[in-house]
Every structure is written in structure tokens, then in C-alpha cells.
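Below is one structure; the comments refer to it alone.
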Amino acid sequence: MDLDVLNMFVIAGGTLAIPILAFVASFLLWPSALIKIYYWYWRRALGMQVKYADYDDYQFCFSYRGRPGFRPSILMLHGFSAHKDMWLSVVKFLPKNLHLVCVDMPGHEGTTRSSLDDYSINGQVKRIHQFVECIKLNRKPFHLIGTSMGGNVAGVYAAQYPAEICSLSLVCPAGLPYPTDNKFLKCLRELKESERIDRIPLIPSTPEEMADMLKLCSYVRFKVPQQILQGLVDVRIPHNEFYRKLFLEITDEKSRHALHENMSKIKAPTQIIWGKQDQVLDVSGADVLAKSISDCQVHILENCGHSVVVERPRKTAKLVLEFLALVHNTENNKKLA
């Protein structure tokens, strides 16, 4: 082989090796950075753009795709200690002509965090209403969807601002007295009695605790490499003190059953989606809601835990789209009657 050709292959091989080695080094040394890059790439691939909205001296961070149009806009509220990007797995299966908005909840990710803010469920509802007004999402009624803590906020929002909501999806929402107790709720009671707030299962500080949290939240057993577990912990650790304060706030007496106290005021057509094997918030909560909300349909997903939007994103998207179509057809029939 000609020496110049051989040199060309050596140089080409070295050029390819550099990004490969850089990727391996990032994976081994800075897994948290790799996770952030992953979300950035996924947002970009799905056409989700990040933007900020200011309300006085308070800043909201959100991602969006599409523009308001004939069909209702969709506002998505994530759960405790998560962020707007948790919805990306569902966004993947939603039509690109829908106007989607995913906001970082108060104190989370890019949205303002202040020790003076009210992080109770009612306090968060007020903040989300400020956000909605900021981006003028309430020019016409929109569809609101929330999961876990975000489901609690979404339900109370729909009760307090009924004119703004055309339909509502609650995915395994918090804020209810659950008829069936589970291991997690018993564990919480024990922690409160012993005042061991440093041991909350949803606030991991080590890769092992992160693995335990994933097992608690998911029925599907994901095989997560140790380095990714470390990266997930590294991303969360700087925020754990805030998460502890927030957790105590939303499990306090004035917030613990906020959805239950407001559910009879919900007038919008409502959809309940729950994982049958949810170990965090028992699926028996679905019946509690169904008995109190007049226009309500319930979907129980087999072989699914608390992290419905991660475990069953395609199914979640399908159910939401079918529900929106049903609500739209029902409204049209009323107009024609």
C-alpha cells in the first residue's frame, strides 16, 4: 500500500478516535453533562423550542412547539423534582400541528426559585395562572394535563379557573386520600413521625438510592448503567435541599388533599390515566375522582407504575388524542342540537 494512502488512513482513524474518546470520557467523567446534552438534542429533534416569560420579577422557563390554532393548545405540568423535558417521550407521539407548552414548575429547572415563594399547591396554581396570562394562553380555553404533583396542581387549577379549561387530563395525580394504603405512604408516615426528612425515597443522594427510586416509580425494570445513575444523582444533588422543603410543603395538611377538596368544582370533561401497579400513589385514587367529577372517563394501564409518561408514552399520547377528539365531537354535536 502506498505510504501516503496509509498515512491518510492513520490520520482518518485518529480523527474519528478523538470524538469517540471524548464521548467515552464524558460518559465516564461527566455523566451529568451527557444527560443535559441528551435532553438538548431530543428537544431539538422534536422541534421543541425553549423560551422564557417574565411576570414582574419572576421568570418562567418553558418549551413549546407549534402555534395556537383551531385546536386547543395543550399545557403540560410535570411532577415533583422533574422538569419540562419529562414530557418529551409523549411529545414524540403527538402531531406537530398541535400547540404544545411544557413549563418548568415553580422552583424547578429554569423557573425562578425563591425562599420567599409559596410552594403549596394553591401557591403553585397561582404561579401557573400567572404563566398562562404571561404567554396569553387563556385567550381561548386550553387543554391542561398534569402528572403526580403536577396533576394535583392541574386539577385545582381547573376547579379555580373553569372558564380557561376546555378539558383536563390527570395522570396518577397527587392530592387525594387514597382508599388503599401502600408501602410508600406508610414509609412517609414513619419518616414524618421520626422527622427523618433526609431519607425521603423520592430524593436520592446516591446511585443506589436512585436505582431504588426508579424501581419505586416504575413497573418496567429499566437497566440503567451505573454511570447514568451517577449522572442522574449529580444533576439532582444541588437541588435536594429545595426538594426536601417542597416535599414537606406539598404533603402538609393544606396541600396534601388539595385536589380532593376541589374536585367537585371541576366542570371540564376530565380524563384519568393511572398505572395499575403504581407504588407511589395508589390506583384506588382513580375511583375517588370518577365518583366526584360528573364528566369523567378512567383509563387504568396494566403493567405500568407511577411513571406513566415514561413507561407508556405512546399509549398516553393516544389516549389524550382520542379524548380531545371525543370532547371536540361532543361540543360540535351540542352546537348542532
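The main-chain N or O of A268 is found under 3.5 Å from a side-chain atom of T270 such that the two form a donor-acceptor pair. Between the E331 side chain and the V327 main chain, no donor and acceptor come within less than 3.5 Å of each other. Put simply, the side chain of N262 gets close to the backbone of A258: a donor and an acceptor are under 3.5 Å apart. At distances below 3.5 Å, not a single donor-acceptor pair connects side-chain atoms of R65 with backbone N or O atoms of Q49. Side-chain atoms of H306 do not come within 3.5 Å of backbone N or O of G275 as any donor-acceptor pair. At distances below 3.5 Å, at least one donor-acceptor pair connects side-chain atoms of E311 with backbone N or O atoms of V220. A donor-acceptor pair under 3.5 Å links the side-chain atoms of S255 to the main chain of I121, judged by distance alone. No donor-acceptor distance shorter than 3.5 angstrom exists from the side chain of Q279 to the backbone of F184, with no hydrogens or angles considered. Looking at D278, its side chain does come within 3.5 Å of a backbone N or O of L281 through a donor-acceptor pair. Counting only distance, with no hydrogens or angles, the side chain of H108 and the backbone of P106 share a donor-acceptor pair below 3.5 Å.
The hydrophobic clustering, which links ILVMFWY residues whose side-chain heavy atoms are closer than 4.5 Å, places F323 and L289 apart. With hydrophobic clusters built from ILVMFWY side chains whose heavy atoms lie under 4.5 angstrom apart, F142 shares a cluster with M105. Cluster membership check: L144 does not share its hydrophobic cluster with L326, using side-chain heavy-atom separations under 4.5 Å among Ile, Leu, Val, Met, Phe, Trp and Tyr. Hydrophobic clustering, with ILVMFWY side chains joined whenever heavy atoms are under 4.5 angstrom apart, keeps V132 apart from Y52. With hydrophobic clusters built from ILVMFWY side chains whose heavy atoms lie under 4.5 angstrom apart, L168 shares a cluster with I300.
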Exercise. Please step through side-chain contact (heavy atoms from CB on, under 4.5 Å) for the pair F62 and V50, ending with a clear verdict.
Key: CA-CA 6 Å; F62 66 103; V50 175; over 6 Å; no
Practice problem: With side-chain contact (heavy atoms from CB on, under 4.5 Å) as the test, would you mind laying out the steps for S81 and H239 before giving the verdict? | Solution: CA-CA 9 Å; S81 77; H239 311 286; over 6 Å; no
Exercise. Could you please spell out the steps behind the side-chain contact (heavy atoms from CB on, under 4.5 Å) verdict for L301 and W274?
Key: CA-CA 6 Å; L301 306 187; W274 218 302; over 6 Å; no
Quiz item: Between Y161 and N138, is a side-chain contact (heavy atoms from CB on, under 4.5 Å) present by the stated rule, with each step listed?
Solution: CA-CA 10 Å; Y161 303 100; N138 54 356; over 6 Å; no
Exercise. Could you check H260 against Y178 for ring-ring contact (aromatic ring centres under 6.0 Å, His included), going step by step and ending with a plain yes or no?
Key: CA-CA 10 Å; H260 186 256; Y178 303 91; 9.6 Å; no
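For H143, the ring pair (Phe, Tyr, Trp, His ring centres under 6.0 Å) test picks out no residue, with sequence neighbours left out. Here H83 pairs with Y39 under the ring pair (Phe, Tyr, Trp, His ring centres under 6.0 Å) rule; sequence neighbours left out. Taking the side-chain contact (heavy atoms from CB on, under 4.5 Å) definition, one finds that K92 meets it with L46, sequence neighbours left out. Residues meeting the ring pair (Phe, Tyr, Trp, His ring centres under 6.0 Å) test with F80, sequence neighbours left out: Y243, F247. In this view, W42 and Y38 satisfy the ring pair (Phe, Tyr, Trp, His ring centres under 6.0 Å) rule, not counting sequence neighbours.
Relative orientation of the Y119 and F242 rings is perpendicular, given thresholds of 30° and 60° on the angle between their planes. Aromatic ring pairs are classed by plane angle as parallel below 30°, tilted from 30° to 60° and perpendicular above 60°; the pair F60 and F131 is tilted.
One side chain, E164 or Y157, offers a donor N or O that lies under 3.5 Å from an acceptor on the other. The closest side-chain donor-acceptor pair between S120 and D118 falls under 3.5 angstrom. Side-chain contact check for H299 and Q297: at least one donor-acceptor pair (N or O, by modelled atom type) lies under 3.5 Å. Using modelled atom types and a 3.5 Å distance limit, the side chains of Q271 and S169 yield a donor-acceptor pair. Side-chain polar atoms of S63 and R43 form no donor-acceptor pair below 3.5 angstrom. Between the side chains of Q130 and R127, a donor-acceptor pair is found at a separation under 3.5 Å.
The shortest heavy-atom contact between Q160 and V125 is OE1-CG1, 3.6 Å. Nearest approach of G79 to S148, heavy atoms of both residues: CA-CB, 4.3 Å. Listed here is the closest heavy atom pair of G151 and L259: O-CD2, 4.4 Å. Between Q277 and N303, the closest heavy-atom pair is OE1-N, 2.8 Å. Here the closest non-hydrogen pair linking V233 and P207 is CG2-N, 3.8 Å. Across V308 and C172, no two heavy atoms sit closer than the pair CG2-SG, 4.1 Å.
For the pair N240 and S205, the minimum side-chain heavy-atom distance is below 4.5 Å. Residues R236 and P204 are in side-chain contact: their nearest non-hydrogen atoms beyond the backbone lie under 4.5 Å apart. Counting only heavy atoms from C-beta outward, the side chains of R314 and V90 never approach each other to under 4.5 Å. Under the 4.5 Å side-chain criterion, counting only non-hydrogen atoms from C-beta, L137 is in contact with L75.
For CZ of R221, the number of neighbouring non-hydrogen atoms (other residues, nucleotides, ligands) closer than 6.0 Å is greater than 12. Atom CG of D54 has more than 12 neighbouring heavy atoms from other residues, nucleotides or ligands inside a 6.0 Å radius. The number of heavy atoms from other shown groups lying within 6.0 Å of NZ (K291) does not exceed 12.
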Below 3.5 Å, can you tabulate the donor-acceptor pairs from side chains in residues 93-104 to any protein atom, sequence neighbours excluded?
| unit_1 | atom_1 | unit_2 | atom_2 | d |
| --- | --- | --- | --- | --- |
| H99 | ND1 | S73 | OG | 2.7 |
| D104 | OD1 | K84 | N | 2.9 |
| D104 | OD2 | K84 | NZ | 2.9 |
| D104 | OD2 | G110 | N | 3.1 |

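Between the OG1 atom in T251 and the NE2 atom in H257 there is a gap of 10.5 Å [rounded to 0.5 Å].
Ion pairing between K245 and E241 holds under the 4.0 Å rule for side-chain N and carboxylate O.
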